[in-house]
2 protein chains.
Amino acid sequence: MLTDRQMLILQVIVDSYIQSAEPVGSRSISKNEDINYSAATIRNDMADLEELGYLEKPHTSSGRIPSEKGYRHYVDHLLLPHHLSEEELQNMKALFTKNIVEVEQIIKESATILSDLTSYASIVLGPEIFESKLKQVQIIPLSEQVAVAILVTNTGHVENHTVTMPSTLNSSDVEKIVNILNERLVGVPLYQLEEAIQKEVAGVLRQHIKSYKDALIFAEETLQKTKQEKVFYGGKSNLLIQPEFHDINKVKELLEVFEEDETIFDLLKPEQDGLSIRIGQENGNEAFEDCTVISATYSYKGKPVGTIGIVGPTRMEYPRVIGIVDHLSKGISQALTNLYR
Amino acid sequence: MLTDRQMLILQVIVDSYIQSAEPVGSRSISKNEDINYSAATIRNDMADLEELGYLEKPHTSSGRIPSEKGYRHYVDHLLLPHHLSEEELQNMKALFTKNIVEVEQIIKESATILSDLTSYASIVLGPEIFESKLKQVQIIPLSEQVAVAILVTNTGHVENHTVTMPSTLNSSDVEKIVNILNERLVGVPLYQLEEAIQKEVAGVLRQHIKSYKDALIFAEETLQKTKQEKVFYGGKSNLLIQPEFHDINKVKELLEVFEEDETIFDLLKPEQDGLSIRIGQENGNEAFEDCTVISATYSYKGKPVGTIGIVGPTRMEYPRVIGIVDHLSKGISQALTNLYR
DNA sequence: GTTAGCACTCTGCAATTTCGAGTGCTAAAT
DNA sequence: ATTTAGCACTCGAAATTGCAGAGTGCTAAC
């Protein structure tokens, strides 16, 4: 489809535009040491590239900038592997050599490291609870009617929420219920809990508790998982330094989206394991039409449990960011697996 | 010090500037129906007010804007009580008539309501754990060496973190330790825990556990309170619509500070109970020199346990925001007290 | 003490000009 | 058949100019 020279030119344009944020003209390309063609030749190729949709002109007589299609082609075919600098590696390593005992701590700090290293905004989705299994249930009464329900998972994750205790259940009933739940449901993945209550617990409850119906409702309330996902952010303000976000309204839209966890969750939700790059429209969200999101899943025991990601302008330092995100996601995976060997 | 007329003029200027964000000229003041003096008279008073430091001129020939001192005087002496609109009251009421069982839920939603209602950014500091007392300690082993420690307080707050178990302690040791902690420390305010460990627990541990030193360390680790403060935000992007924050760099500074929880904590830390208004420099933080922070503490059993606050430009709708913050903080106090009667 | 009047100042805006980078095309060169 | 040089043309960014309007400070009159 594209000639070698066109590819080369596309690559130089993307590299240059990523670096300078200025439209790239034919003359400046011809000065590039890898290129030995005259400006006029390059102009012809640029015109072709534009016709094919890889480049755009901000206005009639200016240099070209890459289109989304241009970036896409660059990412898919022209990307040179990037060697992380010693400093970058060091920074990431530091995260894992700390005395880590807390999963959430690693996750949180990953967000900070990501944004510091890349100078873009970072988003990290906490380990999905889907994969984790119930380890223990606890009910701790606070008053006559209110108690705290605590769910602990095998990954050390703790969920808690308050529950109301129906007046028809006395404290020995509650104790019984909790015992039953622990007996029957430990080891069940969190996402199957609801189902398991009906199958495994309902019958037993009926045998042992008088106010059977209230007991069942109470059990369900106890095991309700509260927050499905935790989202951590880093360096949101980095976005403001990008020249493409000098328009206050753009930024505002973007920051508003950042305040809605659900949208962000959708945005980072992995389609497949490993690295994902979504450019502009591909994000399927108007506020992100000028953004690229690079994300990668991290795993626990070989199964993806969470996502780390970077949000920046489409004009993003792809090679470097991809390197960092990839490296860090693998690091987290390994750290998690080491943690609960 | 100031004549009545000067006060009146200052008030009109502040009101007008708050509303329009435009410097206020003498002519437009003289048109105000409460004022029956000519523009020239007002000009004289304005010149005086400027000399006294209550007003400033952006440039030689323009209207005046209030200085920090001007706002301060306005807030201290000229503020007219503001009647909250039906809608505002309704919104806040809705928060409390919901079926609330979770303290953190109320706190979180307060942030959203505050920012929605005021169109400024809101910050809410979660109930300080200082005031709450230990209700129960739990250790749940995850593996040979790692366990989750769970602390429940009488306010339904749950803290959890992972701890490492020294290999010198076997599982029955751990059980003993936990029992001792529960026997001796329940009811102790969290902030006194460290002290109480030494006083109440150390001796008992020495009697019952062989590896006494490890046991003590383990106990300390278990009771370590992890996060002292939770901070919730709402409507940060609202700041962007204020004309004084059209300068990207200003905004960036501000948003950066918002990412440091400690600074924010200092900013909202109450000096005294009740309502606090800090204007510009009074915030003691360069990034906030053009901001006013209005905050109020909320209480549990008569003692302040947390803070809600609003960050906006110094040109803030003081009467309305003060009304809202005041009302909401009282509402939260009451809700908390009702919750654990 | 208050007001009217007037000269003066300064900003913001719009119209205009200039400058330079960049293009597209044609014709010559390889 | 490519590649290159040359040239006219386009367009945006930045600088320049010229108002119009809002506001002030001062003086003199009320």
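Proteins come first, then strands; the chains are lettered A, B, ... in the order of their sequence lines, and each starts at number 1.
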- Would you say D/dG25 has OP1 or OP2 under 4.0 Å from some side-chain N or O of B/Lys57? yes
- Query: Would you say B/Thr60 reaches C/dT9's phosphate, i.e. side-chain N/O to OP1/OP2 under 4.0 Å?
  - Reply: no
Whole-Å gap separating [atom2] ([N]) and [atom1] ([X]):
{"X": "B/Glu56", "N": "D/dG23", "atom1": "CD", "atom2": "C1'", "value": "17 Å"}
{"X": "B/Ile42", "N": "C/dG1", "atom1": "CD1", "atom2": "P", "value": "17 Å"}
{"X": "B/Asp45", "N": "D/dC26", "atom1": "CG", "atom2": "P", "value": "15 Å"}
{"X": "A/Ile65", "N": "D/dC11", "atom1": "CD1", "atom2": "P", "value": "17 Å"}
{"X": "A/Arg64", "N": "D/dG12", "atom1": "CZ", "atom2": "P", "value": "15 Å"}
{"X": "B/Ile13", "N": "D/dG23", "atom1": "CD1", "atom2": "P", "value": "11 Å"}
{"X": "B/Asp48", "N": "C/dT2", "atom1": "CG", "atom2": "P", "value": "11 Å"}
{"X": "B/Met46", "N": "C/dT3", "atom1": "CE", "atom2": "P", "value": "15 Å"}

- Message: Testing the basics here: between B/Ile29 and B/Met46, what is the closest heavy-atom pair and its distance to 0.1 Å?
- Response: CD1-SD, 4.0 Å
- Item | Smallest separation among heavy atoms of A/Ala121 and A/Asn238, with atom names | N-CB, 4.4 Å
Less than 4.5 Å apart, side chain to side chain, heavy atoms only: is that true for [X] and [Y]?
{"X": "A/Thr118", "Y": "A/Met316", "value": "no"}
{"X": "A/Lys250", "Y": "A/Glu244", "value": "no"}
{"X": "B/Glu259", "Y": "A/Lys236", "value": "yes"}
{"X": "B/Glu289", "Y": "B/Asn283", "value": "no"}
{"X": "A/Asp45", "Y": "A/Arg5", "value": "yes"}

- Message: Check this for me: A/Arg27, atom CZ, are more than 12 non-hydrogen atoms of other residues, nucleotides or ligands nearer than 6.0 Å?
- Response: no
- Output the residues of residues 19-33 of chain A in contact with DNA chain D, where contact means a heavy atom of the residue under 4.0 Å from an atom of the strand; sort by number or write none. none
Could you list the protein-to-nucleotides 13-20 of chain D atom pairs, N/O on both sides, closer than 3.5 Å?
none

- Quick one: does B/Ser28's side chain have a donor or acceptor within less than 3.5 Å of a partner on B/Val24's backbone? no
Within the sub-3.5 Å range, which N or O atoms of nucleotides 3-5 of chain D have a protein N or O partner, and how far apart are they?
{"residue": "D/dT3", "atom": "OP1", "partner": "A/Arg5", "partner atom": "NH1", "Å": "3.2"}
{"residue": "D/dT3", "atom": "OP2", "partner": "A/Arg5", "partner atom": "NH1", "Å": "3.0"}
{"residue": "D/dT3", "atom": "OP2", "partner": "A/Arg5", "partner atom": "NH2", "Å": "3.1"}
{"residue": "D/dT4", "atom": "OP2", "partner": "A/Ser38", "partner atom": "N", "Å": "3.2"}
{"residue": "D/dT4", "atom": "OP2", "partner": "A/Thr41", "partner atom": "OG1", "Å": "2.4"}

- Is there a donor and acceptor pair closer than 3.5 Å between the side chain of A/Ser61 and the base of C/dT23? no
- Query: Angle class for the B/Phe288/B/Phe258 ring planes (parallel below 30°, perpendicular above 60°, tilted otherwise)?
  - Reply: tilted
- Message: On the six-membered ring of B/Tyr54, is B/Lys69 placed so that its NZ or CZ lies under 6.0 angstrom from the centre and within 45° of the ring axis?
- Response: yes
